[in-house]
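One-based numbering, in listed order, for ligands and for the atoms of each.
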Amino acid sequence: MSAAGEPKPTIEVAEGSGVCFGVKRALRLAEKALEAGEAVYCLGPLIHNPQEVDRLAGRGFRVIESLEEAASGGTLLVRSHGLAPAVVAEAKALGLHIIDATCPLVRRVQTLATDLEGDGYQVIVAGDAAHPEVRAIQGHAPKAVVVSAPEALEGLALAGRVALVAQTTFSPEVFRRMAAELVMRVADEVRVVKTICAATVERQRATASLADRVDVMFVIGGRNSANTNRLAELCAACDVPTYHVEVADEVRPEMVAGRPRVGVAAGASTPQWIIDAVRERIRALQSGRGQGNL
Ligand code: SF4
């Protein structure tokens, strides 16, 4: 029961929170391959969520750092971030069967980058050079340059025809500024293809809107998940106390004390079972249960 004069405790989850269709598809393909009893490998974590990776590992799914770790005859699942063609070719040469779980939206960026480079454009990828999705895009367009901020365009010698594409989870606002900068600087032609994932944009919009009307925000997802970190940054920018948690146990009583309206958002790789557990933990604290660890 709420104290006199205090609003009733609520928990609201931002629209579009949790696993996106690209990650859902990759998980479905992974489960299917495991059911077939195959040895299934993945170069790097299938999704940026340690708890879900552990759950799959319990079923025999193996995350590897290099192809040499995979036994010939096994299956390599290409995660939603995609892989460079040279890596896929190497895997096939090593006798691995390929299941391609590249998200169709990521595949579109790869195809565009290849085609634009083939048509003579200098391709610029707005993104994080260290992110696996971006490395895979560069594998499809080896001359492409990766730029993470408009200021970084200043140091580039730009060709007569330039094409700009984006990592699917890139900030729309920074992308717009990059496009404007290129239009100012390139003499002949600038092609801008907005390849940012609509689900990501919508999740960010819904999260910021929720953060504006609650007393505290919990952003759930792997600390290695770029899109979850971005959601936490957006909430913090709304001047609301924000906690980035991976699991329910991290929600402490003091985080919700005196903050009746609770908002929850989750990144594109956060499974529903973790979101449910965090909600249950918050509900328990709001009702005076769960003062210690769950
Ligand atoms: S966030 Fe968007 S682009 Fe990335 S895997 Fe999910 S649906 Fe695909």
request  = Decide side-chain hydrogen bond (donor to acceptor under 3.5 Å, both in side chains) for Thr168 and Glu133; before the verdict, give the C-alpha distance in whole Å, the side-chain angles of both, and the deciding distance to 0.1 Å.
outcome  = CA-CA 8 Å; Thr168 52; Glu133 176 189 323; 2.7 Å; yes

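With a cut-off of 2.8 Å, the protein N/O/S atoms near atom 6 (Fe) of ligand 1 add up to 1.
Using modelled atom types and a 3.5 Å distance limit, the side chains of Asn229 and Glu233 yield no donor-acceptor pair.
In this structure, the side chains of Ile98 and Lys92 come closer than 4.5 Å at one or more pairs of heavy atoms.
Relative orientation of the His131 and His48 rings is perpendicular, given thresholds of 30° and 60° on the angle between their planes.
Atom CD of Glu202 has more than 12 heavy atoms from other residues, nucleotides or ligands within 6.0 Å.
In this structure, Thr207 contributes its side chain and Arg203 its backbone to a donor-acceptor pair below 3.5 Å.
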